[in-house]
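Count residues from 1 along the sequence. In this text, all values refer to a predicted model and were calculated from it rather than measured experimentally.
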Amino acid sequence: MQTVFLLLHILVAIALVGLVLLQQGRGADAGTGFGGGASATVFGSRGSGSFLSRATAMLATGFFITSLVLAYFATQGDRPVSVIESVTTEQSVPVTIPESGGQPQAAEPAVQADEVPAPPVTQ
């Protein structure tokens, strides 16, 4: 589901940038970008201002909504509380390979993370 919202977010962002770049500055006439006369424009006699403004507002709203949804997804994962909890405490077990070509054998049993091995006894 997160991938769908991420793809939608990227598409909305690209469309929003495109619409902003299509709009003309405040000093320019809305119809001059499409050939001169306001009645012969692509978007009718009112010009492209209202259409582009509405489309930009709708895409901006969609961008904000997808941003909030993606932020929600980012906070919902099972994450460790601290750096210490994120470190795994697994230990590797050394393996001895017999010279006769047999199966490799574990040299020592695996030590659990919460078990402490006993110190060697000296005599």
Side-chain angles (χ1 to χ4, degrees):
M1 192 63 155
Q2 184 177 0
T3 306
V4 172
F5 277 104
L6 183 62
L7 182 63
L8 182 65
H9 186 71
I10 291 171
L11 291 176
V12 167
I14 291 171
L16 186 62
V17 168
L19 272 179
V20 168
L21 290 176
L22 278 177
Q23 294 181 22
Q24 297 191 2
R26 290 189 180 263
D29 237 354
T32 58
F34 295 104
S39 62
T41 61
V42 173
F43 299 104
S45 62
R46 292 186 64 191
S48 63
S50 63
F51 171 75
L52 290 178
S53 297
R54 280 190 197 140
T56 303
M58 290 185 340
L59 285 175
T61 304
F63 184 81
F64 289 136
I65 290 172
T66 56
S67 296
L68 291 174
V69 170
L70 288 173
Y72 174 76
F73 282 141
T75 62
Q76 292 305 310
D78 290 335
R79 296 174 187 246
V81 178
S82 69
V83 175
I84 295 172
E85 291 177 6
S86 67
V87 176
T88 59
T89 57
E90 297 177 11
Q91 296 179 356
S92 62
V93 176
V95 176
T96 59
I97 300 174
E99 293 179 17
S100 62
Q103 292 291 331
Q105 303 270 334
E108 299 175 6
V111 177
Q112 297 295 329
D114 54 338
E115 294 178 5
V116 177
V121 178
T122 57
Q123 293 181 358

| task | Keeping to residues at least two apart or across chains, list the side chain to side chain donor-acceptor pair (under 3.5 Å) pairs with something in residues 10-20. | result | none

| task | Tell me who clusters with V17, hydrophobic residues only, linked when side chains sit under 4.5 Å apart either directly or through other members. | result | L21

| said: Applying side chain to side chain donor-acceptor pair (under 3.5 Å), can you list everything that pairs with Q2, at least two apart in sequence or on another chain? | reply: none

When the side chains of residues 59-72 are checked against the rest of the protein, which donor-acceptor pairs come out under 3.5 Å, sequence neighbours left out?
unit_1 : atom_1 : unit_2 : atom_2 : d
T61    : OG1    : A57    : O      : 2.8
T66    : OG1    : H9     : ND1    : 2.6
T66    : OG1    : G62    : O      : 3.0
T66    : OG1    : F63    : O      : 3.0
S67    : OG     : F63    : O      : 2.8

| Measuring from L11:CG to L16:CG, what's the distance to the nearest 0.5 Å? | 12.5 Å

| field | Sequence-distant partners of I10, side-chain contact (heavy atoms from CB on, under 4.5 Å), two or more places apart | value | L6, I14

